[in-house]
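Step one of this worksheet: look at the structure below.
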Amino acid sequence: MGALHTLLDIQAHDTAADQVRHRRATIPERDDLAARQRELSELDDQAAALGAHRDELTARERALSDEVATLEERITSDEAKLYSGEIASPRELQALQADIDQLRRHQRGVEDRQLGVMEEREGIEARLAEVEEGRAAVSARADGLAEALREAEATCDEEIAQEEQARDELVATVPGSLADEYRRVRARVGGVGAARLVGDTCQGCHLSLPATEVARLRKQDDDVPAYCDNCGCILVPS
């Protein structure tokens, strides 16, 4: 078998390797994993926003609780003064009682606000728990997809390595200048460096050549490269 015909076998291994690379790049789990990662990012954003809102509500609830405690201290102090007998003036006693009543109303208002904040915080915490539960499920799915993707990539990498090894063994059997020319043509044409000429049709681009050109190619020496007028690849007459 001549060196030009060996190019066809080299091309077959290169084509097979290219096909595996394409299969590797389009492994279904890759897109699915990317979608799950985007979903995780969105859930992280939701959790961060909910967590910040919860912390804000917790701080407000604590501040209202402190205000209630402060009001209770004032009321206790004023009631102690009211019933201590220290104040004899009915007007002063009446004014102090009015202050205590006002403080009680204020305290009830603050407690109502505190209750509202607490209920809102509990609702946010429930929503945050749902988001975290959903994130855990998505994360588990992403982990499974990542593992499947690694396994599929490893299989493809092994196949590519086998094709490249077989290709390299064949390349070593052809003249270096011809191998270099094949690589240049393959890079220029876009994957097809050598193709068989079947009848008058180039199997690289599947276009027909003029009859006179076909006749000339078939008379040419077996080891002299000839090129397709249409796509430029090295033609090997069958």
For this session: Output yes when Arg127 and Glu130 qualify as a salt bridge under the 4.0 Å nitrogen-oxygen rule, no when they do not.
Result: yes
Problem set entry | Side-chain ion pair, Arg104 and Glu72, N-O less than 4.0 Å | yes
Kindly compute the distance separating [atom1] ([X]) from [atom2] ([Y]), expressed to the nearest 0.5 Å.
{"X": "Arg23", "Y": "Asp18", "atom1": "CZ", "atom2": "CG", "result": "12.5 Å"}
{"X": "Glu111", "Y": "Gln114", "atom1": "CD", "atom2": "CD", "result": "7.0 Å"}
{"X": "Arg196", "Y": "His5", "atom1": "CZ", "atom2": "NE2", "result": "5.5 Å"}
{"X": "Met118", "Y": "Leu57", "atom1": "CE", "atom2": "CG", "result": "12.0 Å"}

Which atom names give the shortest non-hydrogen contact between [X] and [Y], and what distance separates them?
{"X": "Leu96", "Y": "Ile87", "value": "CD2-CD1, 3.8 Å"}
{"X": "Arg167", "Y": "Asp14", "value": "NH1-OD1, 2.6 Å"}
{"X": "Tyr182", "Y": "Ile234", "value": "CA-CD1, 4.0 Å"}

Exercise. Is any side-chain heavy atom of Gln97 closer than 4.5 Å to a side-chain heavy atom of Ile100?
Worked result: yes
Using atom types as modelled and distance alone, determine if a side-chain donor or acceptor of [X] lies under 3.5 Å from a backbone N or O of [Y].
{"X": "Arg186", "Y": "Gly191", "answer": "yes"}
{"X": "Arg183", "Y": "Gly193", "answer": "no"}
{"X": "Thr6", "Y": "Gly2", "answer": "yes"}
{"X": "Ser41", "Y": "Gln37", "answer": "no"}
{"X": "Thr26", "Y": "His22", "answer": "yes"}

Problem set entry | Pairs flagged by salt bridge (charged side-chain N to carboxylate O under 4.0 Å, His left out) wherever residues 86-98 is involved - sequence neighbours left out | none
For this session: Not counting sequence neighbours, list each pair that qualifies as a salt bridge (charged side-chain N to carboxylate O under 4.0 Å, His left out) and has a residue in residues 93-103.
Result: none
Exercise. Which residue pairs pass the side-chain hydrogen bond (donor to acceptor under 3.5 Å, both in side chains) test with at least one member in residues 60-71, sequence neighbours excluded?
Worked result: Glu61-Arg121, Glu67-His106
For this session: Would you sort out whether Arg24 and Glu159 count as a salt bridge (Lys or Arg N to Asp or Glu O under 4.0 Å), showing the intermediate values?
Result: CA-CA 10 Å; Arg24 187 186 192 279; Glu159 292 181 26; over 6 Å; no
Exercise. Is it true that the side chains of Thr15 and Gln11 contain a donor and an acceptor less than 3.5 Å apart?
Worked result: yes
